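The structure displayed is predicted, hence computed values, not measured ones. We use all heavy atoms of the structure for the numbers below, so side chains are in, but hydrogens, waters and symmetry mates are not.
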Amino acid sequence: MKSSIFAVLFAAAAVSAHGTMSTFIANGKTYNGPGPGGAADGPIRPISSVEPVMDVGSEAYGCGPGSAPGTSAAEVSAGSEVEFQMRNGDNGVWVHVKGPVIHSIYQCPDGAASCSPGSDAGWAIINNGGLDGGDWQMAKFGKSENVKVKIPSGTPNGEYLIRQELLALHNGHESYIQCVQIKVTGGPNGTLKDAGAQTLAYPGTLTGSEPGFSFNVYGTDISTYQFAGPAAFTAEGSAAPPPSDNTQDPPSTPPKTQCPAGKRRRAAVPVYPSASRF
């Protein structure tokens with residue numbers, strides 16, 4: 001009897017310690033995320049479970065366990081900041097505070113709602129959030145503070161998935177992952193690779209044996225943490241020029257110079273350089 005009670009209490013504690021994305025803020029608009037197993041209602045893609053992803057080679061390492069498409073794409077201006085907040089499974093304050101937060105974007109040429117990256121190496125990291133304000137960036141969630149991430153101004157226009165991974169390192173490595181559908185405007189035209197982004201696959205590139213997955217968070221300087229994967233994409237750029245209507249004004253005809261009556265225009269006399277200059 002006691003063992004069954006302990007099992008129930010342990011399961012409840014595990015659920016309360018795990019969680020999902022509660023809010024996403026872009027261009028001044030707040031989007032609320034569905035709870036675990038909830039239906040999609042906006043740009044935050046729902047997941048089926050609050051359990052962490054342990055296997056970096058699994059399909060769940062992409063956008064989280066049982067990830068399903070959202071119903072819209074949040075508009076984001078290139079060069080602006082977006083904000084994230086997390087909640088526990090019981091809708092309380094996020095409890096895991098030791099570990100980095102990593103954000104990556106994936107360009108979706110056919111629209112974010114139908115985007116399914118699989119093992120395609122098209123993800124570009126835009127935030128490696130380790131040391132932030134003297135503590136792990138993840139600790140902001142534990143203080144009910146939003147994590148802010150800049151969308152580089154050089155990000156090409158179009159629809160994307162933005163992936164958030166909380167890599168909790170308090171007991172081995174536990175990844176809490178979820179994706180948001182966004183539409184970037186005000187940036188240049190082209191692709192992420194055109195813009196110089198180094199890319200990777202989730203899953204497919206990382207093995208779980210990188211130093212960042214086994215970092216000792218107890219008594220070790222956070223600034224020595226080594227992120228796995230390529231360098232973050234931080235390119236600055238300018239907005240794409242407006243589309244041309246392919247029309248041009250007709251060239252103007254210079255006015256004719258009239259000679260005064262009774263006078264003839266004298267022809268110009270060519271001037272040749274002196275031989276002494278050669």
Could you tell me if the side chain of [Y] sits less than 4.5 Å from the side chain of [X], heavy atoms only?
X: Ile177; Y: Tyr202; answer: no
X: Ser48; Y: Pro65; answer: yes
X: Tyr176; Y: Val101; answer: no
X: Asn32; Y: Thr30; answer: yes
X: Met21; Y: Val180; answer: yes
X: Phe24; Y: Ile182; answer: yes
X: Lys183; Y: Ser72; answer: no
X: Pro152; Y: Ile126; answer: yes

Quick one about [Y] and [X] (side-chain donor to acceptor, distance below 3.5 Å, no hydrogens or angles considered), yes or no?
X: Ser153; Y: Glu236; value: yes
X: Gln181; Y: Arg45; value: yes
X: Asn127; Y: Gln164; value: no
X: Asn27; Y: Glu75; value: no

Original post:
So, is the end of the Arg163 side chain (NZ or CZ) under 6.0 Å from the ring centre of Tyr106 and within 45° of the ring's axis?
Top reply: no
Original post:
Ring centres of His173 and Phe215 under 6.0 Å apart?
Top reply: no
Original post:
So, Trp123 versus Tyr160, ring centres under 6.0 angstrom or not?
Top reply: no
Original post:
In terms of heavy-atom contacts, does CD of Glu59 have more than 12 from other residues, nucleotides or ligands at under 6.0 Å?
Top reply: no
Original post:
Near Asp41 CG, under 6.0 Å, is it more than 12 heavy atoms from other residues, nucleotides or ligands?
Top reply: no
Return the minimal non-hydrogen interatomic distance between [X] and [Y], and the atom names on each side.
X: Ala228; Y: Leu206; result: CB-CD2, 3.9 Å
X: Pro69; Y: Ala40; result: O-CB, 3.3 Å
X: Ala26; Y: Val82; result: CB-CG1, 4.0 Å
X: Gln226; Y: Pro211; result: OE1-CG, 4.2 Å
X: Ala78; Y: Thr155; result: CB-O, 4.2 Å
X: Val53; Y: Ser58; result: CG1-OG, 3.8 Å

Between [atom1] of [X] and [atom2] of [Y], what distance do you get to the nearest 0.5 Å?
X: Trp94; Y: Met86; atom1: CH2; atom2: CE; answer: 4.0 Å
X: Gln85; Y: Thr23; atom1: CD; atom2: OG1; answer: 5.5 Å
X: Asn216; Y: Thr224; atom1: CG; atom2: OG1; answer: 9.5 Å
X: Gln198; Y: Lys193; atom1: CD; atom2: NZ; answer: 11.5 Å

Original post:
Which word best sums up how the rings of Tyr225 and Trp136 line up, parallel for under 30°, tilted for 30 to 60°, or perpendicular for over 60°?
Top reply: perpendicular
Original post:
Going by the angle between their ring planes, with limits at 30° and 60°, are Tyr61 and Phe213 parallel, tilted or perpendicular?
Top reply: tilted
Spell out, yes or no, whether [X] and [Y] are grouped together once hydrophobic residues are joined by side-chain heavy atoms under 4.5 Å, including indirect joins.
X: Leu161; Y: Leu200; value: yes
X: Val76; Y: Tyr31; value: yes
X: Val217; Y: Met54; value: no
X: Ile151; Y: Phe233; value: yes
X: Val95; Y: Leu169; value: no

**OP:** Under the ring pair (Phe, Tyr, Trp, His ring centres under 6.0 Å) rule, what do His170 and Tyr218 come out as? Steps first, then yes or no, please.
**Re:** CA-CA 8 Å; His170 59 281; Tyr218 300 102; 8.4 Å; no
Original post:
Below 4.0 angstrom, N of the basic side chain to O of the carboxylate: do Glu83 and Lys140 qualify?
Top reply: no
